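Structure, as structure tokens:
Keep in mind it's a predicted model, so treat the numbers as computed, not measured. Every number for a ligand or one of its atoms is a count from 1 in the order of the listing. All residue numbers in this chain count up from 1 along the given sequence. Keep in mind that the numbers below use all heavy atoms, side chains included, and drop hydrogens, waters and symmetry copies.
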Amino acid sequence: MTQTSIFQPYTLGALQLANRVVMAPLTRNRADAGLVPSQYAAEYYSQRATAGLLITEATQISAQAQGYQDTPGIYTPEQIAGWRVVTDAVHAKGGRIFLQMWHVGRVSHVDVQPGGAAPVAPSAIRAETKTFVNNGFVDTSVPRALTLEEIPGIVNDFRQAAANAVKAGFDGVEVHGANGYLLDQFAKDGANQRTDAYGGSVENRARLMLEVTAAVAAEIGAGRTGIRLSPVSPANGVSSSDPQAQFDYIVDELSKLGIVYIHVVEGATGGPRDVAPFDFDGLRKRFDGTYIANNGYDLDLATGHLEAGQADLFAFGRPFIANPDLVERLKAGAELNAINPDTIYGGGAEGYTDYPTLAVAAE
Ligand code: 8OZ
């Protein structure tokens, strides 16, 4: 094995990872009643525990943070207990697991909001995207702008969710700052037309994301706090007139907070890597901690970027859905199972815990 193999161990803060392969957060819409993680989630995640690090599907920090049906939460005792079953199963296999914490902001619908209320956002501008509720895709609802007085409550919900995650046995948390959800909506001027301290300048648009990250780091430790960013992704209808300036500033400030990693979606989420000009290498150099690269990586691209010093860890998304033993398959140069697009979102065990490993396929 060469010095720069993604299959070698890596030290992430205080954690020893078995390799540099990360399972990216993947929304699967299978939560049980009370938005408790699926009864199959412990098996699903532990089947994938040979990844150096697992990051869970995006998980609501509050009822208001929900945007899609059947996505799990981390704000009730039952949800915390449900996640404890998952983390115990992953740890029993020697795996490491972070919880991704999200607030969807305007990417929501009145039918999944408490009391049928309007979703909240930096500004009352509808996200030009669809969400999935009542077993169908629908346009997102028109949001209302958060008042200045409500913002500390959002920060506190993230802080409390991080405390809950530690209680549930997670090794750390990832703040979802990407893909057009609440924190990304504040950061990008296409969604943020505020004229107060949370809108306008690069610094003001970064404020909520940075306050949330600082609060989480203060609660559970910077060494257990990561964040996901998608500087140029148009996911969920966001746009930015100045992504380089915006995210260079954000990453400078995140580095000062001393958080353990930034997890960067390079390009359009799940789409082309070259969607817009952006200096990801420059972004990485501004950050003192670990850089997790994501979007369209295969073994060759990851190895090349590792050898060039462009990233420390590599997050694979969709390949992990159909390949529980993705690490072993990449190592062996084995074929990957094909994903069944019909069972990605929603349902039960089918298309979730029944993808075969190489060992099972050989039987
Ligand atoms: C796919 C479907 C629903 C949500 C993201 C949490 O893009 C998601 C998501 C992905 O970050």
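Residues Asn236 and Thr129 bring a donor and an acceptor atom of their side chains to less than 3.5 Å of each other.
Near Ala58, with a cut-off below 4.0 Å to any heavy atom, the atoms of ligand 1 are 6 (C).
The option from Tyr345, Phe132, Tyr181 that lies nearest to atom 4 (C) of ligand 1, judged by heavy atoms, is Tyr181.
Side-chain contact check for Arg106 versus Thr140: every heavy-atom pair is 4.5 Å or farther apart.
The closest protein non-hydrogen atom to atom 7 (O) of ligand 1 is Asn179 ND2, 3.1 Å.
Ring centroids of Tyr297 and His305 are separated by less than 6.0 Å, placing the two rings close together. The six-membered or imidazole ring of Phe314 lies away from that of Phe316, with a centre-to-centre distance of 6.0 Å or more.
Note: an N/O pair closer than 3.5 Å links His176 and ligand 1 by distance alone.
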